[in-house]
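Below: one structure, written as structure tokens.
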Amino acid sequence: MAWTNEDVARQFAEIATLLKLSGADAFRVRAYERAAGAIGAAAADLSALDEAGMSQLKGIGTSTAKKISEYLQTGSIAMLDELRAGVPAGLIALTRIPGLGPKTARLLYDELGVDSVQALRTAIDEERLRGLPGLGPKTEVNLREALSRLGDKDTGRRPMADAIAIAEELCLRLARLPQVRQVTFAGSLRRLRETVGDVDVLAASDDPGPVHAAFRDSDLVTEVLAAGDKKTTVITRVGLQADLRVVEPDAWGAALVYFTGSKAHNVRVRERAVRRGLTLNEYGLFDPESGERRASRDEAEVYAAMGMALVPPPMREDAGEVEAAADGTLPRTVELAHVRGDLHGHSDWSGDGKATLEQMVAAAAERGYAYWAVTDHAEDLPMNGLSRERMLERRGAIAALQERYEMRILEGAELNIDADGGVDYDPDFLASFDWCVASVHTLMNRSGREQTARIVAAMQHPQVHAIGHLTGRIIGRRPPYDIDLDTILEAALRTQTALEINASPRRLDLSGEMVRRAVDAGVTLTISCDAHSVGDLASMRYGVATAQRGWATADRVLNCGDLDRILSFTQAKRT
DNA sequence: GCCGTTTTCGGCCCGACTGTTTTCAGTCG
């Protein structure tokens, strides 16, 4: 069995949770949380390292390395098994209730025998909580409400794509207030993570009272959870929690760093501040001796005052970026302005395209692209695919349209990788396309070995220039199918095939973590929207964010090059 | 449990809000 880094990281996250419930030393708990984070962010496959190699990773010492190899060899960790035996499984479920943490969960279990969410409901109904130290009637009411919210399936993490609309609407309304100088969403949404747990809104104002009031009273809000001078927490109409923080305009940069996170990134940055004899909070970077504020106005100033380069938000995950920003090795990652074209898009020539070829071409040209590849589905895709005859018809339409546009329209196709790695059409006809992306659309439940084999086989084809949405996942709806990434990266390099970062916010496939491994392996990437409508072309920013999360530079992204680079890439593959 | 630009031992990031408290612990981010 090949364990992935994520499997291993999950074991250590569980150890941390169980230790917390056991009342262990908080710093020891944090050490395990950090280890889990370090494992998840590791660029190399842990199973390829020995214990000495693992200990090289920050946050992993000899004890953790030993437990990792124990897990890789036996599939379990004795310490974790003991912890599980000592803590009722239901207690973990209790800590998922907002407002109920490990200390209270343990107290409820020890004093009242509460070992499940159902047992908690009963205890609250019988008013048995209010006798316990630190708990009173109000706590019972709050927990009862939290439990009823838990009943709605509308809570929990959401695909980022679902949260961004409400976040932008909240910001838009606050921006209209005369008291608001600046407003933006921060948190995991600003880092453009795949899923978000809540919406963090940050505003700058000299008069915060009316700003908090407007937020609380908005018709987008159904419930107010906390209301203070500096912070308001609400539940929005779509069931997502939203926090508003208002700071004085001079603190904007420090607050933005603070509320963008990630938490692990912030901890690392603040530790760095402490080592330099300073202290960093949401109001600024301070000299604790004199109380003098060294930096706070904008993000770049705050990072610079600590001797660091500005870190793009998607990279702020404590995956080595703090150290790199400090020692000058942070790569200049790809930016939206670097993107010269898009290499995966559809028109209504294929059944699922929602706009005409002309509308798509016009929209792509308006974005200033030098080229846009129309990659309608090929004949093997039931319902939506184009026969050879229809493709030839489309060729005429492209040629006619090309006369009116300076932007190069690349005649492309999205090919279907069949069970054995074969693709649509015959080799001669395929050779007449400018650009082909090949994707898996069927048989998604095959084993990892079979999926890997069929994708590697498809890459051998001289007319397969890129592999589309490599894992097939739909965030929040369909898990990725299994693949052996190392084998695929090696084959991509050998066959000179690009791997697509699908920019659709529902896919983001490759993930940021996979991008980073592809970058380390030297594989060429594309960032493409897989647009099925004009509006989809705006998703490019999500693909760029995912590339940044994976530390990709513009020179590694094929469509950050000019048209000649695309043509010489396909030419090289052909020969 | 991890780690070192004062340290191989003794620290380990910081603040807001709430509910229960007469000064603070727990939770959250």
Side-chain angles (χ1 to χ4, degrees), chain A residues 12 15-16 19-20 23-38 54-68 79 94-108 129-143 146 186-189 191 196-202 208 212 224-233 241-247 251 254-255 257-286 288 306-307 318 322-323 326-327:
Chain A
F12 285 88
I15 289 178
L19 278 175
K20 229 184 278 181
D25 173 62
F27 295 113
R28 195 165 159 236
V29 171
R30 211 175 95 197
Y32 278 103
E33 284 173 344
R34 278 196 163 169
M54 295 173 199
S55 304
Q56 298 291 306
L57 297 169
K58 268 203 179 318
I60 296 178
T62 52
S63 166
T64 303
K66 202 168 290 210
K67 290 189 183 75
I68 294 172
M79 178 212 190
L94 286 184
T95 64
R96 292 207 196 96
I97 299 168
L100 204 169
K103 289 278 180 7
T104 310
R106 190 74 213 186
L107 181 73
L108 292 173
L129 267 57
R130 57 186 64 181
L132 298 177
L135 303 184
K138 191 75 212 287
T139 306
E140 284 179 352
V141 170
N142 288 346
L143 285 177
S188 50
L189 204 51
R191 303 200 308 282
V196 300
D198 65 0
V199 173
D200 293 298
V201 177
L202 177 66
H212 284 289
V224 178
L225 296 184
D229 298 338
K230 299 185 164 65
K231 181 179 167 181
T232 300
T233 301
Q241 181 176 312
D243 292 342
L244 170 69
R245 286 290 297 252
V246 184
V247 297
V257 170
Y258 184 89
F259 294 112
T260 298
S262 66
K263 187 172 179 214
H265 174 86
N266 284 353
V267 168
R268 191 70 76 192
V269 170
R270 285 198 291 261
E271 281 173 354
R272 184 175 165 77
V274 169
R275 279 204 302 278
R276 294 166 77 93
L278 301 169
T279 178
L280 176 68
N281 57 31
E282 57 263 59
Y283 305 110
L285 181 68
F286 295 91
M306 281 186 297
D318 189 28
V322 174
E323 294 78 1
D327 66 20

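The chains referred to below are lettered A, B, ... by the order of the sequence lines, with proteins before strands, and numbering in each begins at 1.
Minimum heavy-atom separation, I60(A) to A65(A): CG2-N, 4.0 Å.
As rounded to the nearest Å, dA25(B) and dT20(B) have C1' atoms that lie 9 Å from one another. Taking atom P in both dT5(B) and dC12(B), one finds a spacing of 15 Å when rounded to whole Å.
Comparing dT20(B), dG1(B), dG26(B) against the side chain of K138(A) picks out dT20(B) as the nearest. Residue R28(A) has its side chain nearest to dG1(B) when only dT5(B), dG1(B), dG19(B) are considered. Distance from the side chain of Q241(A) is smallest for dG29(B) among the nucleotides dG15(B), dG26(B), dG29(B). Distances were taken from every side-chain heavy atom of N142(A) (C-beta onward) to each of dG19(B), dG15(B), dG1(B); the shortest belongs to dG19(B). The Y283(A) side chain lies nearest to dG15(B) when the options are dT5(B), dG1(B), dG15(B). In this structure, of dG29(B), dG1(B), dT18(B), it is dT18(B) that holds the atom nearest to the side chain of A226(A). In this structure, the nucleotide among dC2(B), dA16(B), dT20(B) sitting nearest to the side chain of K230(A) is dA16(B).
Counting heavy atoms from C-beta on, the side chains of K231(A) and T233(A) come closer than 4.5 Å. Residues L143(A) and T104(A) form no side-chain contact, since every pair of their non-hydrogen atoms from C-beta on lies 4.5 Å or further apart. In this structure the side chain of L100(A) reaches within 4.5 angstrom of the side chain of L108(A), judged on heavy atoms.
No contact: L19(A) has no heavy atom under 4.0 Å from any strand. Contacts of P288(A) with the nucleic acid, taken as non-hydrogen atoms under 4.0 Å apart, are absent.
A syn base is found at dT7(B): its glycosidic angle is within 90° of 0.
Closest-nucleotide positions on DNA chain B for A227(A) and T64(A) were compared, and the one nearer the 5' end corresponds to T64(A). Between D198(A) and T279(A), the residue anchored nearer the 5' end of DNA chain B, judged by the nucleotide with its closest heavy atom, is T279(A).
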What are the atom names and distances for every N/O pair under 3.5 Å that joins the protein to nucleotides 10-12 of chain B?
none

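For L135(A) and dG19(B), the CG to C1' distance is 9 Å, given to the nearest whole Å.
No donor-acceptor pair closer than 3.5 Å links the side chain of E33(A) to the backbone N or O of A16(A).
Salt bridge E271(A)/R268(A): present, at least one basic N to carboxylate O contact under 4.0 Å.
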